[in-house]
Trainee: 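This is the structure I have questions about; it appears just below.
Order of appearance sets the numbers: ligands from 1, and atoms from 1 within every ligand.
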Amino acid sequence: MIEQFVKAGQDLASEGLIHSTAGNMSIRKGDVIYVTRHGARIGSLKFNDIVRVNLLDDRKDAQADASVEVKVHRSIYNSAPEISAIIHAHPVYSIVLSLDSEKIECIDCEGQFYLPQVPVLFQCAETIGSECVESNLPALMSSHKIVVVRGHGVFSCGKTFDEAFGYISVLESASKIIYLKRMLTPRG
Ligand SMILES: [Zn+2]
């Protein structure tokens with residue numbers, strides 16, 4: 001299992017979708033979540049960077065080492081049994097577009113095919129380890145594979161890390177295209 005974490009972390013780093021110790025990832029197996037440790041460098045994960053917590057609520061001390069976003073991961077898993085992998089990353093162009101939009105509408109062929117419309121969770125004032133995100137994200141993720149939390153980053157889900165990574169990669173590429181198109185379009 002560690003190999004899956006290492007590969008996904010390297011994939012994210014190689015495409016510039018994370019930086020330093022930002023971002024986190026998890027896998028669900030039965031009643032257990034394996035999640036990256038708080039402060040782990042996602043691009044160069046080691047065995048002891050993976051923390052095991054319960055799918056249902058843990059005592060605070062049991063999850064003290066886990067990512068601050070573990071409650072958000074848990075809320076998504078508990079609302080969607082088909083999801084078994086989650087990646088949270090900070091793709092820059094997707095974040096920029098989230099600042100003044102309530103959804104990202106892809107304009108390139110690949111984006112339109114895989115992710116025609118990506119919702120932005122914009123209601124939350126606090127977005128890091130946030131109860132507001134924990135409460136509101138599962139509803140959006142029930143109908144979309146990836147959601148952008150305004151000004152913060154994306155949560156992407158799938159059956160595997162490869163699937164979740166793919167959505168982030170496609171969205172960030174599509175977001176760059178939207179951004180560059182705006183730069184080229186003369187303003188009236
Ligand atoms: Zn984050």
Trainee: Rounded to the nearest 0.5 Å, how far apart are CG of Asn24 and NE2 of His90?
Mentor: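 Going from CG on Asn24 over to NE2 on His90, the span is 7.0 Å.
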
Trainee: Using 2.8 Å as the cut-off, count the protein N, O or S atoms closer than that to the Zn ion (ligand 1).
Mentor: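 Excluding waters, the total comes to 3.
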
Trainee: Of Ile76, Val120, Leu137, Asn136, which is the lone residue that meets side-chain contact (heavy atoms from CB on, under 4.5 Å) with Val147?
Mentor: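 Exactly one option meets the side-chain contact (heavy atoms from CB on, under 4.5 Å) with Val147, and it is Leu137.
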
Trainee: List the steps, then state whether ring-ring contact (aromatic ring centres under 6.0 Å, His included) holds for Phe161 with Phe5.
Mentor: CA-CA 8 Å; Phe161 280 147; Phe5 277 89; 4.9 Å; yes

Trainee: In terms of hydrophobic clusters joined by side-chain contacts under 4.5 Å, are Ile146 and Met25 together?
Mentor: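 Hydrophobic grouping puts Ile146 with Met25.
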
Trainee: To the closest 0.5 Å, what do you measure between CG (Leu17) and OG (Ser156)?
Mentor: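 Reported to 0.5 Å precision, the distance equals 10.5 Å.
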
Trainee: Within this structure, what is the NE2-CG distance for the pair His38 and Asp65, rounded to the nearest 0.5 Å?
Mentor: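 Reported value, rounded in 0.5 Å steps: 9.5 Å.
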
